[in-house]
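A note on names: the letters A, B, ... follow the listed sequences, proteins ahead of strands, and every chain is numbered from 1.
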Number of protein chains: 2
Amino acid sequence: MLHVAEAARVSVATVSALINGTATVSPELSQRIEQAIRDIGYKRNAIARSLKMGTTRTIGLTVPHITNPFFTDVVSVIQQAFDRAGYAVMLCCTDEDLNTQDDQIRLLLDRMVDGLIVARVGDGAILKGIVDGANVPVVLLDRVCEGVDTDTVVLDNQRAVFDAITYLIHLGHRRIGYITGTSDISPMHDRMAGYRQALHAAGLPVAEELVRSGNFHEIDGYNATMQLLSSHDRPSAIFSANNPMVIGTMKAIRDIGLSCPQDISVACFDDFPWSDVFQPQLTTVAQPVQAIGEQAANLLLDRLAGNRDAPPRKLVLKGRLMIRNSCRPLGSMVQSVSA
Amino acid sequence: MLHVAEAARVSVATVSALINGTATVSPELSQRIEQAIRDIGYKRNAIARSLKMGTTRTIGLTVPHITNPFFTDVVSVIQQAFDRAGYAVMLCCTDEDLNTQDDQIRLLLDRMVDGLIVARVGDGAILKGIVDGANVPVVLLDRVCEGVDTDTVVLDNQRAVFDAITYLIHLGHRRIGYITGTSDISPMHDRMAGYRQALHAAGLPVAEELVRSGNFHEIDGYNATMQLLSSHDRPSAIFSANNPMVIGTMKAIRDIGLSCPQDISVACFDDFPWSDVFQPQLTTVAQPVQAIGEQAANLLLDRLAGNRDAPPRKLVLKGRLMIRNSCRPLGSMVQSVSA
DNA sequence: AACGCTAATCTAAACGTTTCGATCATGTCA
DNA sequence: TGACATGATCGAAACGTTTAGATTAGCGTT
């Protein structure tokens, strides 16, 4: 900016005033400054501005796995929303690891991001510190956080799984395998609660041997399904609480020589864009990812726009059971058709 | 840092020297400084450091659609590689729009990213400007760029499609529909060249009515397939050059009342993790996304480590034809089995 | 002519770090 | 004892912007 000021024979304050529109600059000087900017090809330095202003117009976004289609879509929606608002998005993937997450959040704060959207891992101690210290606004995504009083966008996971398991029970299934994630996070807790609640409402016992867990990867679903299917009294249906793992579930079923839904029904949490066109067409719980992403972005943009003192908001969205043909009724040899 | 210096009764230069290890500091003063850092809870300001040093330990990464499974996986690999190296990753999605890309690249340069990995849109003029001006190192991903002499990681798209179309011809297909992307990018050109080359090598004409294009979204594949299948002399196989569009292709086939592969064979570019377990099991061209992501990250990390003067490197990786059961031989009523 | 007001413009501090070069204390050698 | 070298430490400039407050010119009114 100094070169521009020299070339236009004004002070840097005048150049800054013109660029930012923070004070009147005479038409004559305006013209000279704009000409100098063009001649020199001047570009503002966002780093210097950030140092002075204390803001970066950058937000940090952390998700466990961006290859999980749910998070892929949510990241895409959030990135587009912030792009429209002129913000850069720093993306971090935690792989459900607490240390990785905490390091990444420190790295984001280190770079003075203006806000955070976090699908947290672990107890959220680091987030509590940020929120309590009023460092930057935080929006929690997908997972609530006990003791952290901040804006939150989640799904009614319990209700969503309740509906799905109830559907399976309605089809006649009584032994329903359940594959959960190992991470101690609220969606897994709530989904498990929905599973138990549906069984309890139907007067069915919760058989612990039907519940397996994995670390959210395809291979974990595979192994958990192998365990479930190798028991002598195997389930007639399997519900996977996470969509990378359901792919492993399907591979295990194939490798054992069973087929879905003839030999075993499968349902899972989170939809796929191809679920209604490839066989078997998975019965899934679909999350409104467009709404989740947009709401999360809007909550944070609202805070960034200055609305810091409003009480924290918690949006709880609803899942939608997509009934397709991967679950068949028991006690009937007729294959089910798509709803 | 000033508070730390005051508390330890040293100068800020001494504190900086201790933190950065750039000069010897006596054990006595070291102890006082470390104690002051703990007491105050001092955190370094990366913005101030960036202003002084001219680096940010941040890279910019632009891809067209992060919801395209190919880019999802590549982004994941790149993000993890840079996370291990202590870099933040700013993610931008261009939606194959030149203006969006150019704005985003300006925003990234504005924030003084140390390097760029770009799956470019358009003619790459902005990238040529950056590379020629030696602003920051640039790695081109997935798409070459005429006239831009910089590190590049691409696939041998032409060969990959050649192999896939040749496979279809070997199965007896003579009228092979082809769905390309509208964007003027090298992978689409090269894939089209592979399509033409395979037909030519088999002595088959390239029928322009069999080639349709779309803007990389599922609905575009749907519409293109509807057009292909509504002609009186419709193709017996369809190859989609982009995996979101193949989902649309499958939906169009279903909606028309046809089935794959009985009535029409389908193959596509880019694999899915679920392709070998849901029916029909898509015959696909798989890209080595782990290698692509790692190589792109390594090329840029190498530049960032100081190796600025080495001549630009171009890595051309190979696709792999995953023969599954979505393509059946013509002139035979026996359904094909997985290879 | 004098005074008051306002618009335009500028100076310089500030944001928080890094580090160059100056200074001082200490030790060694002739 | 004096000269010289070296280690430790510090002051202050620099990175590039923003803006508070000071200054000046011009205009209108009395």
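- Annotation for P288(B) and L155(B): closest pair CD-CD1, 3.5 Å, computed over non-hydrogen atoms.
- For the pair L18(B) CG and dA8(D) P, the computed distance is 12 Å after rounding to whole Å.
- Residue R111(A) contributes atom CZ, which lies 18 Å from atom P of dG16(C) at whole-angstrom precision.
- Residue pairs meeting the ring pair (Phe, Tyr, Trp, His ring centres under 6.0 Å) criterion with at least one partner in residues 72-116 of chain A, sequence neighbours excluded, are F82(A)-Y87(A).
- One N or O on the side chain of Q101(A) and one on the backbone of V121(A) form a donor-acceptor pair closer than 3.5 Å.
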Indicate for each nucleotide in nucleotides 19-28 of chain D, in 5' to 3' sequence, whether protein heavy atoms under 4.0 Å reach the base (B), only the sugar-phosphate (S), or nothing (-).
-> B---------
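- One can place CZ of R9(A) at 15 Å from P of dT9(C), the figure rounded to the nearest angstrom.
- Separating the CD1 atom in I292(A) from the CZ atom in F71(A) is a distance of 9.0 Å, to the nearest 0.5 Å.
- For residues 291-302 of chain A, the pairs satisfying salt bridge (Lys or Arg N to Asp or Glu O under 4.0 Å) are D302(A)-R313(A), with sequence neighbours left out.
- Within the 4.5 Å cutoff, side-chain heavy atoms of Q104(B) are placed close to those of T94(B).
- Listed by chain and residue number, nothing satisfies the salt bridge (charged side-chain N to carboxylate O under 4.0 Å, His left out) test with D149(B) (two or more places apart in sequence, or in another chain).
- Looking only at distances, no side-chain donor or acceptor of T58(A) sits under 3.5 Å from a matching main-chain atom of V89(A).
- Per the geometry, CD belonging to E6(A) stands 15 Å off C1' belonging to dC10(C), to the nearest Å.
- Straight-line distance from the CG atom of L51(B) to the P atom of dT17(D): 9 Å, rounded to whole Å.
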Output, in order, the C-alpha distance, side-chain angles, deciding distance and verdict of side chain to side chain donor-acceptor pair (under 3.5 Å) for D114(B) and T55(B).
-> CA-CA 6 Å; D114(B) 294 337; T55(B) 69; 4.7 Å; no
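- L2(B) comes within 4.0 angstrom of no nucleic acid atom, judged by non-hydrogen atoms across all strands.
- Shown are E28(A), Q35(A), E34(A); of these, the side chain to side chain donor-acceptor pair (under 3.5 Å) with R32(A) is made only by E28(A).
- Picking from dT9(C), dT18(C), dT11(C) the nucleotide with the shortest atom distance to the side chain of M1(B) gives dT18(C).
- Rounded to an integer number of Å, the gap from CD of E28(B) to P of dA25(C) is 16 Å.
- For DNA chain D, the neighbouring residues in residues 30-48 of chain A, judged by any heavy atom under 4.0 Å, are Y42(A), K43(A), R44(A), N45(A), A48(A).
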Quick test: give all pairs of protein nitrogen or oxygen and nucleotides 4-7 of chain C nitrogen or oxygen below 3.5 Å, distance rounded to 0.1 Å.
none

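- Applying the 4.0 Å criterion to OP1 and OP2 of dT17(D), one finds that S50(A) has every side-chain N and O outside that range.
- Open room surrounds CD on Q31(A); 12 or fewer heavy atoms of other groups in view lie less than 6.0 Å from it.
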